[in-house]
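Encoded as structure tokens, the structure appears first; notes follow it.
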Amino acid sequence: NCFTDDTTILNQGFTIAGNRFVATKIDKEDFTMIGKGRKEGNKWSTGPVTVMKIKGAIVFAVGNSEVQGGQVNLAVAHIAEFLRDAGFMP
């Protein structure tokens with residue numbers, strides 16, 4: 001679990017659907033992980049990724065290399081807020 005011990009993910013990165021990412025920030029209070037796609041072995045772009053753990057789900061979005069990381073963060077935050085309001089978040 002990257003929110004209890006982030007050392008491994010910060011050192012080795014993480015994979016979503018076979019695509020490799022580098023973790024650049026892990027917020028243990030908000031259960032949010034921010035990163036960027038790796039160039040090697042990645043079918044998706046090298047753009048930003050945001051992952052948020054909520055009660056009952058993991059919300060993530062990956063932007064292409066032209067998208068700002070803040071835009072991806074906002075998109076995930078809005079989806080998580082919607083789900084929280086629907087009862088998926090404590």
Side-chain angles (χ1 to χ4, degrees):
N1 184 334
C2 71
F3 300 111
T4 55
D5 180 15
D6 58 9
T7 306
T8 301
I9 287 188
L10 288 172
N11 288 333
Q12 297 178 8
F14 60 100
T15 303
I16 299 175
N19 294 282
R20 303 273 303 145
F21 296 90
V22 175
T24 57
K25 179 181 177 184
I26 296 176
D27 187 327
K28 295 177 183 181
E29 289 182 22
D30 291 335
F31 297 103
T32 304
M33 181 170 51
I34 298 170
K36 184 172 179 160
R38 292 188 175 182
K39 290 182 182 178
E40 69 279 350
N42 200 344
K43 297 174 203 161
W44 295 346
S45 73
T46 58
V49 61
T50 300
V51 181
M52 182 177 276
K53 178 183 173 185
I54 62 172
K55 182 181 174 185
I58 295 176
V59 179
F60 74 94
V62 179
N64 64 33
S65 57
E66 298 171 10
V67 174
Q68 294 285 332
Q71 293 173 304
V72 176
N73 297 346
L74 281 174
V76 169
H78 285 297
I79 294 166
E81 182 178 342
F82 173 81
L83 292 171
R84 183 194 66 224
D85 292 346
F88 284 93
M89 250 177 144

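Quick caveat, the model's predicted, so the values are computed rather than measured.
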query: What's the shortest heavy-atom distance between Met52 and Val76, and which atoms?
result: CB-CG1, 3.7 Å

field: Verify same cluster id: Ile26, Phe31 (apolar side-chain graph, 4.5 Å)
entry: yes

task: Could you tell me whether the side chain of Thr24 and the main chain of Ile34 form a donor-acceptor pair under 3.5 Å?
output: yes

message: For a quick test of reading the model, state the closest non-hydrogen atom pair linking Ala23 to Ile9 and the distance between them.
response: CB-CG2, 3.6 Å

task: Would you give the length of the straight line joining atom CG of Leu74 to atom CD of Gln68, rounded to the nearest 0.5 angstrom?
output: 11.5 Å

statement: When rounded to the nearest 0.5 Å, the distance separating CG of Asp6 from CG of Asn11 is 9.0 Å

- prompt: Are Ile16 and Met33 grouped together when hydrophobic residues (ILVMFWY) are joined by side-chain heavy atoms under 4.5 angstrom apart?
  reply: yes

- request: Compare every heavy atom of Gly63 with every heavy atom of Ser45, then report the nearest pair and how far apart it is.
  value: OG-O, 3.0 Å

message: Please verify the inter-ring angle class for Phe60 with Trp44; under 30° counts as parallel, over 60° as perpendicular, anything in between as tilted.
response: parallel

task: Search all heavy atoms of Gly37 against all heavy atoms of Asn42 and return the closest pair with its distance.
output: CA-ND2, 3.6 Å

- prompt: What closest approach, in Å, do Phe21 and Arg38 show between heavy atoms, and which atom pair accounts for it?
  reply: O-NE, 3.8 Å

query: Rounded to the nearest 0.5 Å, how far apart are OG1 of Thr32 and NZ of Lys25?
result: 8.5 Å

Residue among Val72, Asn73, Asn64 satisfying side chain to side chain contact (heavy atoms under 4.5 Å, CB included) with Pro48: Val72

- line: For Thr15, the side chain to side chain donor-acceptor pair (under 3.5 Å) test, sequence neighbours excluded, returns Arg20

- prompt: Between atom OG1 of Thr50 and atom CG of Asp27, what is the distance when rounded to the nearest 0.5 Å?
  reply: 11.5 Å

